[in-house]
Amino acid sequence: TLGRIGSADTVPCLIELLVHEDAAVQRAALTALRAIGAVRLPGSTTAWRSWYAREETWFQEHAPALLDELVAAEESADPVAHTRALLRSLTEHRLHRDELAEHVRPLLAHERPRLRILACQAFERLASRLALPWLVAALRDEDPGVVSAAHAALRTLEGVTLGTDPEPWCARLGLPL
């Protein structure tokens, strides 16, 4: 479904479908919008246009500074706490989830396991399907906390429990071993 894919590009069209003559189309559009935005707004085009404008403004005006700060977080007095706070702010805005996930991805290679865990948790909150292969790879991490966080994110994103062995996840997602 469009909601599961979560593409920001589909939002304007979905908003227009809220006033479609077919009630089933209206319901499907509203369900998709709620999944994409992770918000429970009513089926009002005014409410959704307002939400969309706020999210686009945030992404254009505020996200770049937060993403720059995420790169520089290692230099802060407490990199883990600083990164956690930044990721919390970033993951409150899921409209551009895949773009945000791309910026979080480098944390999976960080030497600090706690930062790798935070990355897995951020992917889970963003609900970015783009991160699925990265999460499967994180199941091979040497740190049990990272493996646990990656597994939790995969369970949430896929809605199934396949354990922490990467092989069943690779089979399910069509990924190479």
Side-chain angles (χ1 to χ4, degrees), residues 1-71 83-108 117-139 149-162 169-170 172-175:
T1 69
L2 288 175
R4 186 172 163 124
I5 294 168
S7 172
D9 297 338
T10 63
V11 170
C13 180
L14 289 168
I15 291 171
E16 295 311 312
L17 290 174
L18 291 173
V19 293
H20 193 275
E21 60 192 34
D22 185 336
V25 172
Q26 292 175 14
R27 283 191 303 277
L30 182 58
T31 299
L33 285 166
R34 287 176 172 168
I36 290 168
V39 291
R40 303 245 346 132
L41 294 175
S44 154
T45 56
T46 303
W48 282 101
R49 284 185 187 122
S50 177
W51 169 84
Y52 182 66
R54 284 191 311 274
E55 287 298 305
E56 285 295 315
T57 299
W58 175 86
F59 188 70
Q60 298 299 321
E61 295 179 7
H62 301 287
L66 290 171
L67 293 171
D68 288 345
E69 202 174 333
L70 185 62
V71 172
T83 299
R84 181 184 302 112
L86 289 167
L87 291 175
R88 188 170 294 121
S89 294
L90 289 167
T91 59
E92 288 175 0
H93 302 273
R94 288 179 30 180
L95 180 61
H96 291 281
R97 69 191 68 196
D98 290 343
E99 294 93 327
L100 296 174
E102 285 281 3
H103 289 276
V104 173
R105 183 181 184 184
L107 291 176
L108 286 175
I117 291 168
L118 289 173
C120 293
Q121 293 168 342
F123 295 140
E124 182 176 6
R125 285 192 306 276
L126 285 169
S128 172
R129 300 193 55 73
L130 181 67
L132 290 172
W134 311 333
L135 289 164
V136 171
L139 292 174
H151 182 240
L154 285 164
R155 281 193 330 257
T156 298
L157 294 175
E158 281 297 290
V160 297
T161 301
L162 297 178
W169 289 104
C170 288
R172 177 178 175 83
L173 299 170
L175 301 171

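Counting begins at 1 with the first residue of the sequence.
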Within this structure, what is the CZ-CD1 distance for the pair Arg97 and Ile36, rounded to the nearest 0.5 Å? 7.0 Å
How close do Leu157 and Ala127 get, counting heavy atoms only, and between which atoms? CD2-CA, 3.3 Å
For Leu126 and Ala101 the tightest heavy-atom approach is CD1-N, 3.9 Å
Describe, in one word, how the ring planes of His93 and Trp58 are oriented to each other, choosing from parallel (under 30°), tilted (30 to 60°) and perpendicular (over 60°). parallel
Under the criterion side-chain contact (heavy atoms from CB on, under 4.5 Å), I'd like the reasoning laid out for Ile15 against Tyr52: C-alpha separation, chi angles, the key distance, then a yes or no. CA-CA 9 Å; Ile15 291 171; Tyr52 182 66; 4.1 Å; yes
Within this structure, what is the CG-CG distance for the pair Leu66 and Leu70, rounded to the nearest 0.5 Å? 8.5 Å
Using modelled atom types and a 3.5 Å cut-off, is there a donor and acceptor pairing between side-chain atoms of Arg125 and backbone atoms of Glu92? no
Does any part of the side chain of Trp51, heavy atoms only, come nearer than 4.5 Å to the side chain of Leu95, both counted from C-beta? yes
Which residue is it: Val136, Leu162, Thr161? I am looking for the one with a side chain to side chain contact (heavy atoms under 4.5 Å, CB included) to His151. Thr161
Examine distances only and state if a side-chain atom of Trp48 and a backbone atom of Pro42 form a donor-acceptor pair shorter than 3.5 Å. yes
Rounded to the nearest 0.5 Å, what separation is found between the CG atom of Leu17 and the CG atom of Asp22? 10.0 Å
For the residue pair Gln26 and Val19, what are the closest heavy atoms and their distance? NE2-C, 4.0 Å
Using a distance-only test with no angle check, is there a side-chain donor-acceptor pair under 3.5 angstrom linking Arg54 and Ser50? yes
Here the pair of heavy atoms bringing Ala153 nearest to Cys120 is CB-O, 3.7 Å
Between Leu175 and Pro133 the two heavy atoms that sit nearest each other are CD1-CA, 3.8 Å
Test side-chain contact (heavy atoms from CB on, under 4.5 Å) on Leu107 and Leu118 and set out the steps. CA-CA 8 Å; Leu107 291 176; Leu118 289 173; 5.5 Å; no
Mind listing the closest non-hydrogen atom pair of Gly43 and Leu30 along with its distance? CA-CD1, 3.8 Å
Any side-chain heavy-atom pair from Arg27 and His20 closer than 4.5 angstrom? no
Straight-line distance of Thr91 OG1 to Leu100 CG, nearest 0.5 Å: 9.0 Å
Rounded to the nearest 0.5 Å, how far apart are CG of Leu154 and CG of Leu173? 7.0 Å
Does any part of the side chain of Phe123, heavy atoms only, come nearer than 4.5 Å to the side chain of Leu130, both counted from C-beta? no
Spacing of CG belonging to Leu33 relative to CG belonging to Leu41, to within rounding of 0.5 Å: 8.5 Å
